[in-house]
Amino acid sequence: MSHVEVYGVRHHGPGSARALRGALEEFKPDAVLIEGPPEADPIVELAGDPGMVPPVALLAYSPAGSGSGSGSGSGSGDGGGDRKAAFWPFAEFSPEWQAIRYALGAGVPVRFCDLPAAHQLLPAEGEEQEENDEAEGGEDDGEEAAEGIRLDPLGWLAKAAGYDDAERWWDDVVEHREGGPSPFPAIAEAMAELREQLAALPEEQVSAGLPPGHLRREEQREAHMRRTLRRALKEGHERVAVVCGAWHVPALQAKIPAAHDDRTLRGLPKARIAMTWVPWTHGRLAGRSGYGAGVRSPGWYHHLFTARDRPIERWLTAAARVLRDEDLHVSSAHVIEAVRLAEALAALRGRPLAGLDEATEATRAVLCEGADLPVELIQREMVVGERLGAVPERTPMVPLQRDLQAEQRRLRLKPSALDKEHDLDLRKPTDLERSRLLHRLRLLDVDWGVPSDTGRSKGTFRETWTLAWRPEFEVELIEASAWGTTVRGATTARAKALAAHATALADLTSVAERCLLADLGDALPTVMRALADRAAVDTDVAHLMSAMPALVRALRYGDVRGTSTGPLRTVVDGLVVRVCVGLPPAITGLDDDAAREFLGHVDAVHGALSLLADDDHLERWRRTLESLVARPDALHGLIEGRLTRLLLDAGRLHDVPDRMARAVSAGVPPARAAAWVEGFLSGGALLLMHDETLLRLVDGWISALPGDSFTDVLPLLRRTFGAYASAERRAIGERLRRSGHAPAASSRPAEDDVDEARAAPATTTALQILGWER
């Protein structure tokens, strides 16, 4: 007679994994069924390849959806929703992974028995609704019970056992168990009791709080599991082991007619899908990542599974090593005392083994001497731990993935889950090729590397990138394969498409810049034609100005990279002329908001032309600014002040004190004067720190403002001086104090007339604005 054992597990539990491995070795099944997508049956044997290193995940994706965007499933069969891809992750401590490795090692068939991914990637009946139909009125005790049992059965059991933390309860009763009887009969009995309580409640209470279509999808999944089990028995297997989430055990043990399951599964919509293995990370196994079956501490669970003896001693020793690597003093005596404290805490709390809470408290109190920052370091590197898995070479992949792997090997850029900074010298051929690869991937929306602009100077030969590989990049590569079979070919096609569909001139200039950075010579002619055509007909000066910085960067850094930029130079030359001609009429008569927006454009163009270092273009630009400040009445105060500062810095104005004196004179409205000062001083604090005349003018103007006027212009002044560093504000205040700048004596109140108590709040605020506190 056939014998079936159903093992209910927690999807990522080291105790469950260890107990399951022992149970399988004792039961010796001749077939193993595992909760997971049946489409993975043809590639399950890859799990036995030495090149397969967990954490890894099964990836189901829709080839027809490539290039159209996708989400990702929560894994371990948790599904639903209209998705283009879904993951089923496995760590070394996952019971399903241990079942797979046992079956492959024992030479027995192993299959997945969950609802096929072809159905799960499409919405279940009712999932298109936005929300459930709920009974009117407040939530009663029955609804609360139903929601608690169904959404968090472990939490319900933990609550019944007197725990307020489901993960801690499960750790105590399962994960931290050493020896003793198998936990699986007790798990099955507990889940059966919970499901009986749930079945006794009205249907509207059972569905309350659940996503639309959830119950229907669960019914379909369990029906397919039973169908797969019947098929295995019909094929002649006499000892069948089924590994599934603990909640499903009673449903698989129930005597449900095959006809009932056939009706449940009849007519399900089906998507065209493909299946492969991809690397995964411990960080993506954490519940905080949004993974539905996630655990709080993957790194800790990995340690519990791999450290069979003295897990607390080994954990705290590893924590000490992490702290020492950061030059923190931690001795062996610290470790010994931390172990004693963790064990004492566990004994006081009645726990079978010191858990992560006790280990963390001992780490904080002894190894870190009460400091929180070192504890956060251990949390990041050990408790979660960004371990990145690997898949063997013969894993099914789209050609684009294989091409990227070849490029990674050629350029010696190994993917890592941890953030790693790479400083590239573009004068070195290998570093230049690395930069081009990373820029190409960013064009495909695969942001493996994120560039840093810090320290970038005119004509620099260096780039700094932060690299971190994320599992979802595999899906993005599959989607990007619609553009081509190689990274260069796919990026070229994508760049041409972006240029063809760009709706703004700034978008086209961005594409042109990215093409030069990625060395896409085949795409550049198409992009440049589109750019030249758009620039020729765009008459909006603001659009032309916003497009120029990206083009100038592309010109400058394209030269550094040895990329041909001839067509781009022609476009830039034309833009500079058109901006200089169109700026005067465009910049006059602006209101406050428009003036502030144009100020950004002016600064961007000025910086771009300084970077370009073309004397003719710089001279044309400066003459344009000189013509504008020659008729200040037509300019907004913010614009006039800023243009005056730019020309002063360029050495083109020698009467700036007189100009400022006129701008802040008594006959000028305070709001305009404040705007002029803001525009003029927005270039930095050094001018006030070193120019005695200008500092005296600003100080005298502020001191002479009437009370009401001062209140009106105070927000502008705060915005201006607030942009300075505190050290700069402090230096200006000190300079004023030493110089004795103040209004004329006749305008100051006598010392006897000053109410110090009333003046104290205003004095304190003024000193804080200046960065000098008493």
* Test salt bridge (Lys or Arg N to Asp or Glu O under 4.0 Å) on Arg21 and Glu25 and set out the steps. => CA-CA 6 Å; Arg21 189 66 182 251; Glu25 291 172 353; 3.6 Å; yes

* Report the C-alpha distance between Leu418 and Glu381 in whole Å, list the side-chain angles of each, state the deciding distance to 0.1 Å, and finish with yes or no for side-chain contact (heavy atoms from CB on, under 4.5 Å). => CA-CA 9 Å; Leu418 294 173; Glu381 296 197 9; 6.0 Å; no

* Might you work through the side-chain contact (heavy atoms from CB on, under 4.5 Å) test for Leu444 and Glu476, ending with a clear yes or no? => CA-CA 8 Å; Leu444 296 175; Glu476 290 164 1; over 6 Å; no

* To do: Any chance you could lay out the side-chain contact (heavy atoms from CB on, under 4.5 Å) test for Gln408 and Lys414, step after step, and finish with the verdict?
  => CA-CA 6 Å; Gln408 289 169 334; Lys414 185 178 180 181; over 6 Å; no

* Asked: Run the side-chain contact (heavy atoms from CB on, under 4.5 Å) check on Val4 and Val6 step by step: do they pass?
  -> CA-CA 7 Å; Val4 176; Val6 183; 4.2 Å; yes

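Put simply, the residue from Trp280, Trp277, Tyr61 that forms a ring pair (Phe, Tyr, Trp, His ring centres under 6.0 Å) with Phe87 is Trp280. With respect to Pro471, the side chain to side chain contact (heavy atoms under 4.5 Å, CB included) criterion is satisfied by exactly one of Thr281, Leu59, Val278, Leu388: Thr281.
Residues Trp97 and Ala91 come closest through the heavy atom pair CB-O, 3.4 Å. Here the shortest heavy-atom pairing between Ala158 and Trp169 reads CB-CB, 3.5 Å. Of all heavy-atom pairs spanning Pro298 and Phe93, the tightest one is O-CE2, 3.4 Å. In terms of heavy-atom proximity, Ala103 sits nearest to Val32 at CB-CG2, 4.0 Å. Heavy-atom minimum distance, Trp315 versus Gly299: CZ3-O, 4.0 Å. Taking every heavy atom of both residues into account, Met275 and Ala117 meet most closely at CE-CB, 4.3 Å.
Inter-residue side-chain proximity for Leu122 and Pro269 is flagged as met; some heavy-atom pair is nearer than 4.5 Å. Counting heavy atoms from C-beta on, the side chains of Arg226 and Leu229 never come closer than 4.5 Å. Side chains of Arg349 and Glu358 form a contact here, defined as non-hydrogen atoms less than 4.5 Å apart. Side chains of Met191 and His248 form no contact here, defined as non-hydrogen atoms less than 4.5 Å apart. Taking the side chain as every heavy atom from C-beta outward, Tyr7 and Ile187 never approach each other to under 4.5 Å. No side-chain heavy atom of Val243 sits under 4.5 Å from any side-chain heavy atom of Gln98. Residues Ile34 and Val44 have side chains not in contact (no heavy-atom distance under 4.5 Å, counting atoms from C-beta outward). At least one side-chain heavy atom of Val487 sits under 4.5 Å from a side-chain heavy atom of Leu400.
Remark: Glu189 CD is loosely packed, at most 12 non-hydrogen atoms of other residues, nucleotides or ligands lying under 6.0 Å away.
For His12 (side chain) and Ser94 (main-chain N/O), no donor-acceptor pair under 3.5 Å exists by modelled atom type. Here the side chain of Asp30 pairs no donor or acceptor atom with the backbone of His237 at under 3.5 angstrom. Here the side chain of Ser297 pairs no donor or acceptor atom with the backbone of Trp300 at under 3.5 angstrom. The closest donor-acceptor contact from the side chain of Arg18 to the backbone of Leu304 lies under 3.5 Å. Of the possible donor and acceptor atoms, none in the side chain of Arg111 sits under 3.5 Å from a partner among the backbone N and O of Ala31. Using modelled atom types, no side-chain atom of Glu35 and backbone atom of Asp114 make a donor-acceptor pair closer than 3.5 Å. Using a distance-only test at 3.5 Å, with no hydrogens or angles considered, a donor-acceptor pair links the side chain of Gln120 to the main chain of Leu115. With Arg470 contributing its side chain and Asp447 its backbone, the two residues share no donor-acceptor pair below 3.5 Å. At least one donor-acceptor pair closer than 3.5 Å links the side chain of Thr276 to the backbone N or O of Pro396. Counting only distance, with no hydrogens or angles, the side chain of Gln401 and the backbone of Val398 share a donor-acceptor pair below 3.5 Å.
Within the structure, salt bridge (Lys or Arg N to Asp or Glu O under 4.0 Å) pairs that include any residue of residues 48-61 comprise Asp49-Arg394 (at least two apart or interchain). Sorted by first then second residue, the ring-ring contact (aromatic ring centres under 6.0 Å, His included) pairs that include residues 15-35, not counting sequence neighbours, are His3-Phe27. Under the ring-ring contact (aromatic ring centres under 6.0 Å, His included) criterion, no residue pair touches residues 36-56, with sequence neighbours excluded.
Atom SG of Cys244 is separated from atom NE2 of His11 by 8.0 Å, given to the nearest 0.5 angstrom. For the atom pair CZ (Arg351) and CG (Asp357), the distance works out to 6.0 Å, reported to the nearest 0.5 Å. Note that OG of Ser2 is 5.0 Å distant from CG of Leu233, once rounded to the nearest 0.5 Å. With values rounded to the nearest 0.5 angstrom, Leu24 atom CG is found 4.5 Å from Leu20 atom CG. Rounded to the nearest 0.5 Å, atoms CE (Met225) and CD1 (Ile256) are 14.0 Å apart. Of the inter-residue distances, the one linking Arg216 atom CZ with Glu219 atom CD reads 5.0 Å to the nearest 0.5 angstrom.
Using the six-membered ring where Trp is involved, Phe112 and Phe90 have ring planes that are tilted, between 30° and 60° apart.
Looking at Gln220 and Arg217, their side chains do bring a donor and an acceptor atom within 3.5 Å of each other. The closest side-chain donor-acceptor pair between Arg387 and His302 falls under 3.5 angstrom.
At a threshold of 4.0 Å, the pair Arg284-Glu472 counts as salt-bridged, since one of the basic side-chain nitrogens sits closer than that to a carboxylate oxygen. In summary, Arg409 and Glu393 engage in a salt bridge, as defined by a charged side-chain N under 4.0 Å from a carboxylate O. A salt bridge links Arg195 with Glu222: at least one charged nitrogen is closer than 4.0 Å to a carboxylate oxygen.
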